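Written below as structure tokens is the structure these notes are about.
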Amino acid sequence: MVITICVGSSCHLKGSYDVINELKKFIKDYNLEDRVELKADFCMGNCLRAVSVKIDDGKCLSIKPNNVEKFFREYVLGNLQ
């Protein structure tokens, strides 16, 4: 699974690096380093919403630093089982 996080200026201001750090923590805590890869992108064209995130080639989702855990449980753990 590849999770791509936007690090463009708009998403950067909305906390993209906090989202990345939280995702890194959850990936490590659940021992998923060999199954989940994080990548960065400079613009996903979804600048009006929260931080843009995409799983594999799926739709662009918007998450905030304070709901990374919910995103991780629903979209990452939910898709790996």
Side-chain angles (χ1 to χ4, degrees):
M1 172 183 292
V2 176
I3 301 173
T4 306
I5 301 105
C6 182
V7 294
S9 57
S10 181
C11 286
H12 172 74
L13 293 172
K14 295 173 187 167
S16 60
Y17 287 96
D18 294 331
V19 169
I20 290 169
N21 288 330
E22 285 291 305
L23 286 172
K24 283 181 179 178
K25 176 185 165 292
F26 286 119
I27 290 167
K28 183 176 182 182
D29 289 350
Y30 284 86
N31 297 313
L32 296 173
E33 295 94 341
D34 60 335
R35 298 181 66 192
V36 179
E37 177 183 359
L38 294 180
K39 289 189 173 186
D41 194 356
F42 284 104
C43 188
M44 294 183 178
N46 198 22
C47 302
L48 297 177
R49 304 188 72 199
V51 177
S52 296
V53 176
K54 192 182 289 189
I55 296 177
D56 295 326
D57 290 325
K59 68 179 181 175
C60 189
L61 304 168
S62 295
I63 63 172
K64 295 179 181 179
N66 64 353
N67 67 359
V68 173
E69 183 174 5
K70 179 182 178 195
F71 164 82
F72 185 82
R73 291 184 185 283
E74 184 175 339
Y75 290 97
V76 179
L77 293 178
N79 286 329
L80 289 175
Q81 296 178 10

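Residues: numbered from 1 along the sequence shown. Everything numeric in this text was worked out from a predicted model, so none of it was measured.
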Linked, directly or transitively: F42 and L38 (ILVMFWY side chains, under 4.5 Å): yes
Does L13 have more than 12 heavy atoms from other residues, nucleotides or ligands lying within 6.0 Å of its CG? yes
Is it true that a side-chain atom of S52 and a backbone atom of M44 form a donor plus acceptor pair closer than 3.5 Å? no
Which pair of non-hydrogen atoms, one from K59 and one from K54, has the smallest distance, and what is that distance? O-CG, 3.9 Å
Heavy atoms of C6 and S16 approach each other most closely as O-CB, 3.0 Å
Looking at every non-hydrogen atom in both residues, tell me the closest pair between I27 and E33 and how far apart they are. CG2-N, 3.8 Å
How many angstroms lie between OG in S10 and CG in N46, if you round to the nearest 0.5 Å? 9.0 Å
Heavy-atom closest pair, residues V51 and K14: CG2-O, 3.7 Å
Let me check something: do F26 and F71 share a hydrophobic cluster, defined by ILVMFWY side-chain heavy atoms less than 4.5 Å apart, either directly or through other members? yes
The reported gap from CD1 in I3 to CD in E37 (rounded to nearest 0.5 angstrom) is 10.0 Å
Out of curiosity, S62 OG to R49 CZ, how far, rounded to the nearest 0.5 Å? 4.0 Å
In this structure, CG of L61 is separated from CD1 of I5 (nearest 0.5 Å) by 11.5 Å
Mind checking whether K24 and K28 have side chains closer than 4.5 Å, heavy atoms only? no
Determine whether Y17 and L23 fall in the same hydrophobic cluster, where Ile, Leu, Val, Met, Phe, Trp and Tyr are linked whenever their side-chain heavy atoms lie under 4.5 Å apart. yes
So do the side chains of F72 and L32 get within less than 4.5 Å of each other, counting heavy atoms only? yes
For the student: nearest non-hydrogen atoms of Y30 and R73, plus distance: OH-NH1, 3.1 Å
A40 and V7: which non-hydrogen atoms are nearest, and at how many Å? CB-CG2, 3.9 Å
Return yes if some donor-acceptor pair links the side-chain N/O of D56 with the main-chain N/O of V2 below 3.5 Å, else return no. yes
If only atom types and distance count, is the side chain of K64 paired as donor or acceptor with the main-chain N or O of G15 below 3.5 Å? no
